[in-house]
Amino acid sequence: METIYTAAHRAGLLQVCTWQPADGLPGQTHPVGFSCPDATLLDGLASSTEYAMTFPASAFMGLAPRESVQIAGVTYLVREVVAVGDGSERRARLSKV
């Protein structure tokens, strides 16, 4: 999975994400897939944005809900982290702070 993310980063398809663990361990920076698709709610009367990032399972080991990450200079709060597919990739749902 790391090879795929490395190639995607070289092609300019990923964003750089920085995480400073709450337990005082050194911060980590890795390229991640980042999405913020617009969703329409209430039959078009309102819109919502779901922020999410995907990354290899070997990156951001220990990332947990209620921790914050920075992507493109914007801070996001992690809402949940789940395994994707065979577990070699993770998806974190985010809220913009």
Side-chain angles (χ1 to χ4, degrees):
M1 187 57 60
E2 291 82 7
T3 305
I4 294 170
Y5 274 82
T6 300
H9 181 60
R10 285 187 194 140
L13 301 175
L14 302 180
Q15 297 286 323
V16 174
C17 176
T18 302
W19 169 49
Q20 179 62 54
D23 58 9
L25 291 174
Q28 299 179 32
T29 300
H30 298 283
V32 299
F34 180 68
S35 63
C36 53
D38 291 329
T40 303
L41 306 173
L42 303 172
D43 198 26
L45 296 176
S47 64
S48 174
T49 304
E50 170 88 4
Y51 297 96
M53 70 177 191
T54 57
F55 52 93
S58 61
F60 300 123
M61 300 285 290
L63 181 65
R66 296 187 305 214
E67 294 188 303
S68 61
V69 296
Q70 270 199 331
I71 300 171
V74 179
T75 302
Y76 298 89
L77 188 67
V78 176
R79 294 176 22 206
E80 75 173 346
V81 180
V82 296
V84 177
D86 65 359
S88 63
E89 186 176 29
R90 301 277 189 263
R91 177 180 300 121
R93 290 178 51 209
L94 310 170
S95 294
K96 193 172 183 181
V97 177

Q) Taking C-beta and beyond as the side chain, do R93 and V82 meet within less than 4.5 Å on heavy atoms? A) no
(Q) Nearest 0.5 angstrom please: L77 CG to K96 NZ, how far? (A) 14.0 Å
Q. Relative to each other, are the rings of H30 and F60 parallel, tilted or perpendicular (30° and 60° limits)?
A. perpendicular
**Q.** Inter-residue atom distance R90.CZ - S58.OG, 0.5 Å rounding
**A.** 9.5 Å
(Q) Between F55 and V74, is there shared hydrophobic-cluster membership here, with clusters defined by ILVMFWY side-chain heavy atoms closer than 4.5 Å? (A) yes
Q. Any donor and acceptor pair, going by atom type alone, linking the side chain of Q28 with main-chain N or O of W19 inside 3.5 Å?
A. no
Q: May I ask whether F34 and L14 are part of the same hydrophobic cluster, defined by side-chain heavy atoms of I, L, V, M, F, W, Y residues being less than 4.5 angstrom apart, directly or through others?
A: no
**Q.** Heavy-atom check, side chain of I71 versus side chain of Y51, under 4.5 Å
**A.** no
Q: For residues S68 and T75, report the shortest heavy-atom separation together with the two atoms involved.
A: CB-CG2, 3.9 Å
Q: Locate the shortest heavy-atom distance separating P26 from P21; write the atom from each residue and the value.
A: O-CD, 3.5 Å
Q. Going from CD on E89 to CD on E2, what distance comes out if it is rounded to the nearest 0.5 angstrom?
A. 10.5 Å
Q: Report the distance from atom OG of S95 to atom CD of E80, rounding to the nearest 0.5 Å.
A: 10.5 Å
(Q) Side chains of V32 and V69, heavy atoms from C-beta outward: is any pair under 4.5 Å? (A) no
Q) Any donor and acceptor pair, going by atom type alone, linking the side chain of Q20 with main-chain N or O of L25 inside 3.5 Å? A) yes
Q: Kindly give the heavy-atom pair with the smallest separation between P31 and Y5, and that separation in Å.
A: O-CD2, 4.1 Å
Q: Indicate the atoms forming the closest heavy-atom contact of M53 with C17, along with that distance.
A: SD-SG, 3.7 Å
Q) P65 and R79: which non-hydrogen atoms are nearest, and at how many Å? A) CB-O, 3.6 Å
Q. Looking at V81 and A92, what are the two nearest heavy atoms and their distance?
A. CG2-CB, 4.1 Å
